[in-house]
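Encoded as structure tokens, the structure appears first; notes follow it.
All heavy atoms count here, side chains included; hydrogens, waters and symmetry mates do not.
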Amino acid sequence: MCGIVGYVGPKHPSDVVVDGLTALEYRGYDSAGLAVLVGKRIELLRTVGRVQGLRELVEKSDLSGSQSAIGHTRWATHGVPSVTNAHPHANTDQTIFVVHNGIIENYQEIKSRLQAKGYQFASETDTEVVPQLIDYYVKEGLALEPAFKAALKDLRGAYALLVISSVEPDTLLAAKLSSPLVLGIGDGEMIIASDPLALVEHTKKVVYLEDGQVIRVTKDTYHIENLAEEKPVRAKVELLTDIDGTTGKGNFPHFMLKEIYEAPNTLKLATAGRVHAHEGLVKLGGLENVAEQLRHIDRLVIVACGTSSYAGMVGEYFMEELAGLPTEVQLASEFVYRDEPLSRSTAVLAISQSGETADTISALKKVENYGCLRLGVVNAVGSTIARMTDAGVYCHAGPEQAVASTKAFIAQVTVLLLIALYLNNGKTEQYKPLLEELEALPDKAAAVLSQAKHIEAMARKYAMYRDFLFIGRRYAFPCALEGALKLKECSYIHAEGYAAGEMKHGPLAMIDPNFPTFALACDSPLLEKTLSNIQEIRARKGPVVAIATEGNKHIRKLADDVIYVPDTLEQLQPVLAAIVEQLFAYYVAVAKGLDMDRPRNLAKSVTVE
Ligand code: F6R
């Protein structure tokens, strides 16, 4: 969703900020803007559409001698995408400019209060109340920073805020509450951003701000305070060792395809140093400090959203089958508002690629005082969720930039399997074969990728259908849900995932020659049952595309089209099937001429509820 970058220092501030916003483009946005301090005046540049448009505005403007700048990519929440609604927003005198991620929940109330005092508003956004409120306190006699703090105390909701003002030209002010913000400490320069990816090119020394903190930054100094107590905070300076600043597509036409093709490497990275098949060992350093506590856990609640929740569902089967641990997956947005009793022997495991998903963060916050162990399976190193949890295992999939999650799903499933095996500690017969198969899996993933042309042809054949059903049983059931989500978000085709056994309980009514089904029918003890479901669909003239295990000739007689994947253990089939589904969704989007890297209405990192 929205992205924030601010810079103060000797480089061209507008270039640093626009480059930073470019690195955050993958998050999804609909407009972009910049406020640049030049001498005593602030230049405002805003545009609807891509950051490239903003870059062109910068090139056309005279910004020489500028000292600092703040910029923003906006994903519309309050008010349509338009130049007027794009950030930065300013007070009427145009002396205080603000960019904001999050939502100010009580903005109507503040707006009415200010309107009653004669303030006028230009945009429909919630954000505009912030510069106006700071202005109000400045006019009441406060200096800029105390006015900022006074304004913050009036706000309810979630925010990462960055302020620039001609009143104090060399200073940036920022604050954080439930929305990420990181300070990059350079040599005679400072950069603040909502995501370390935006600053990693300039410095690797960072401070992650905590909720309730306010920061004042000049090019050489930073001062962090706790808003509630107004006491200085000693910041922990960390080094960004695991973040790769490379954000290009390489030779691929789209990020999504590049990331799908990273599957074999993703599997290697997720297991590197963790799986020791010869010794029959799984080592998870991230869980070492809670190993004792894990022994006393009798229930696991997995909280996540979207694709991460489907990875969690695969994990649910792993935990039950391999670790004997009663497990359930809850959508984070529902978990937050349920009144279920949770005991101290329940662990809560958050799964998140970005580590910044607002609902998942709220789910973790909800159990803050319950005494539950909070675990994380996170991809983005140093993200909010990674830092909120007591322990966890990183996915190590590297930055994922296409909106549709692909390699992260594969890494999440792999890491969840490792956790289940770690808890199992060699007790099950499947332990060693699974470890060995994990080592063989990257080559099998590469074999699936080598069928891209066949899958592309299949996608072209089915691209013009309006509806699609995905079905599977056991491990293939969450995979069916994930396949449907991938197709709908990339191609805007209505798609539903179902447990194959549910067909007769309703969905079969939809089947006709215009309603194809994607059947996940790899070898498993339940294959015959899935084949019966396929028969039932064919009997109603529904077209069927099947994913099957290499060597299954029989399925050719049942399905219209078959995509074969290498033989693997049932627990690992979701990884191979997911690659097929991802390629299928990708090529359907290509056939329809859609931008699958940035599907309409969606954002990569969903930082508002
Ligand atoms: C779908 C997709 C989303 C995310 C969801 C959670 O392809 O990417 O459904 O999985 O928004 O995001 P994270 O994993 O970042 O918490």
[X] and [Y] ion-paired at < 4.0 Å:
X: Lys11; Y: Asp15; result: no
X: Glu56; Y: Lys60; result: no
X: Lys407; Y: Glu262; result: yes
X: Glu400; Y: Lys604; result: yes
X: Asp30; Y: Arg50; result: no
X: Arg55; Y: Glu59; result: no
X: Lys365; Y: Asp211; result: yes
X: Glu189; Y: Lys219; result: no

State, yes or no, whether a side-chain contact exists between [X] and [Y] at a heavy-atom distance under 4.5 Å.
X: Val8; Y: Val217; answer: yes
X: Asn379; Y: Ser354; answer: no
X: Val5; Y: Asp19; answer: no
X: Leu349; Y: Val301; answer: no
X: Thr218; Y: Thr171; answer: yes
X: Leu63; Y: Val58; answer: yes
X: Ile361; Y: Ile385; answer: yes
X: Val182; Y: Leu209; answer: no

Okay, side chain of [X], backbone of [Y]: is any donor-acceptor separation there less than 3.5 Å?
X: Ser31; Y: Gly49; value: no
X: Tyr29; Y: Val51; value: yes
X: Thr389; Y: Arg374; value: no
X: His72; Y: His100; value: yes
X: Asn101; Y: Ser179; value: no
X: Asn106; Y: Asp154; value: yes
X: His89; Y: Asn85; value: yes
X: Asp359; Y: Ala332; value: no
X: Asp195; Y: Ala198; value: no
X: Thr203; Y: Ile185; value: yes

I'd like to know whether Val367 forms a side chain to side chain contact (heavy atoms under 4.5 Å, CB included) with Leu342, so could you lay out the CA-CA distance, the side-chain angles of the two residues, the decisive distance to 0.1 Å, and finally the verdict. CA-CA 9 Å; Val367 297; Leu342 287 171; 3.6 Å; yes
I'd like to know whether Tyr119 forms a side-chain hydrogen bond (donor to acceptor under 3.5 Å, both in side chains) with Asn91, so could you lay out the CA-CA distance, the side-chain angles of the two residues, the decisive distance to 0.1 Å, and finally the verdict. CA-CA 9 Å; Tyr119 278 85; Asn91 59 337; over 6 Å; no
Tell me whether the guanidinium CZ or amine NZ of [X] lies under 6.0 angstrom from the six-membered ring centre of [Y] and within 45° of its axis.
X: Lys111; Y: Phe121; answer: yes
X: Lys366; Y: Phe335; answer: yes
X: Arg600; Y: Tyr492; answer: yes

Salt bridge (charged side-chain N to carboxylate O under 4.0 Å, His left out) evaluation trace for Glu238 with Lys205: CA-CA 6 Å; Glu238 299 180 38; Lys205 259 168 75 179; over 6 Å; no
What's the shortest heavy-atom distance between [X] and [Y], and which atoms?
X: Ala411; Y: Cys395; result: CB-CB, 3.7 Å
X: Leu34; Y: Ala69; result: CD1-CB, 4.4 Å
X: Ala270; Y: Val415; result: CB-CG2, 4.3 Å
X: Arg46; Y: Leu57; result: O-CD1, 3.5 Å
X: Val303; Y: Thr360; result: O-CG2, 3.9 Å
X: Leu172; Y: Gly6; result: CD1-C, 3.9 Å

Apply the side chain to side chain contact (heavy atoms under 4.5 Å, CB included) test between Ile224 and each candidate in Glu210, Gln213, Lys176; give the one that qualifies.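 With Ile224 as partner, side chain to side chain contact (heavy atoms under 4.5 Å, CB included) holds for just one option, Gln213.
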Any chance you could lay out the side chain to side chain contact (heavy atoms under 4.5 Å, CB included) test for Leu24 and Ser194, step after step, and finish with the verdict? CA-CA 9 Å; Leu24 302 187; Ser194 49; 3.7 Å; yes
Are [X] and [Y] linked by a side-chain donor-acceptor pair shorter than 3.5 Å?
X: Glu128; Y: Ser123; value: yes
X: Gln353; Y: Ser405; value: no
X: Glu482; Y: Thr307; value: yes
X: Ser64; Y: Asp62; value: yes

Would you say that more than 12 heavy atoms from the other residues, nucleotides or ligands in this model lie under 6.0 Å from the [atom1] of [X], or not?
X: Glu334; atom1: CD; value: no
X: Gln120; atom1: CD; value: no
X: Asp187; atom1: CG; value: no
X: Lys40; atom1: NZ; value: no

When you look at Glu340 and Gln330, which way does the side-chain hydrogen bond (donor to acceptor under 3.5 Å, both in side chains) test go after all the steps? CA-CA 12 Å; Glu340 67 181 302; Gln330 294 202 29; 2.8 Å; yes
Quick one: do Ser61 and Leu45 satisfy side chain to side chain contact (heavy atoms under 4.5 Å, CB included)? Show the steps, please. CA-CA 9 Å; Ser61 312; Leu45 306 172; 3.6 Å; yes
Take Gln94 and Arg41 through the side-chain hydrogen bond (donor to acceptor under 3.5 Å, both in side chains) test and state the conclusion after the steps. CA-CA 9 Å; Gln94 305 272 298; Arg41 93 195 135 83; over 6 Å; no
Applying ring-ring contact (aromatic ring centres under 6.0 Å, His included), can you list everything that pairs with His78, at least two apart in sequence or on another chain?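 Here the qualifying residues are Tyr107.
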Could you pull out all residues at least two apart from Tyr586 that satisfy ring-ring contact (aromatic ring centres under 6.0 Å, His included)?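 Checked Tyr586 against ring-ring contact (aromatic ring centres under 6.0 Å, His included); matches are His254.
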What pairs with Ser308 under side-chain contact (heavy atoms from CB on, under 4.5 Å), at least two apart in sequence or on another chain?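 Scan of Ser308 (side-chain contact (heavy atoms from CB on, under 4.5 Å), adjacent residues dropped) gives Ala304, Ile351, Gln412.
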Take Lys486 and Thr406, measure what side-chain hydrogen bond (donor to acceptor under 3.5 Å, both in side chains) needs, and give me the verdict at the end. CA-CA 9 Å; Lys486 222 63 327 156; Thr406 53; over 6 Å; no
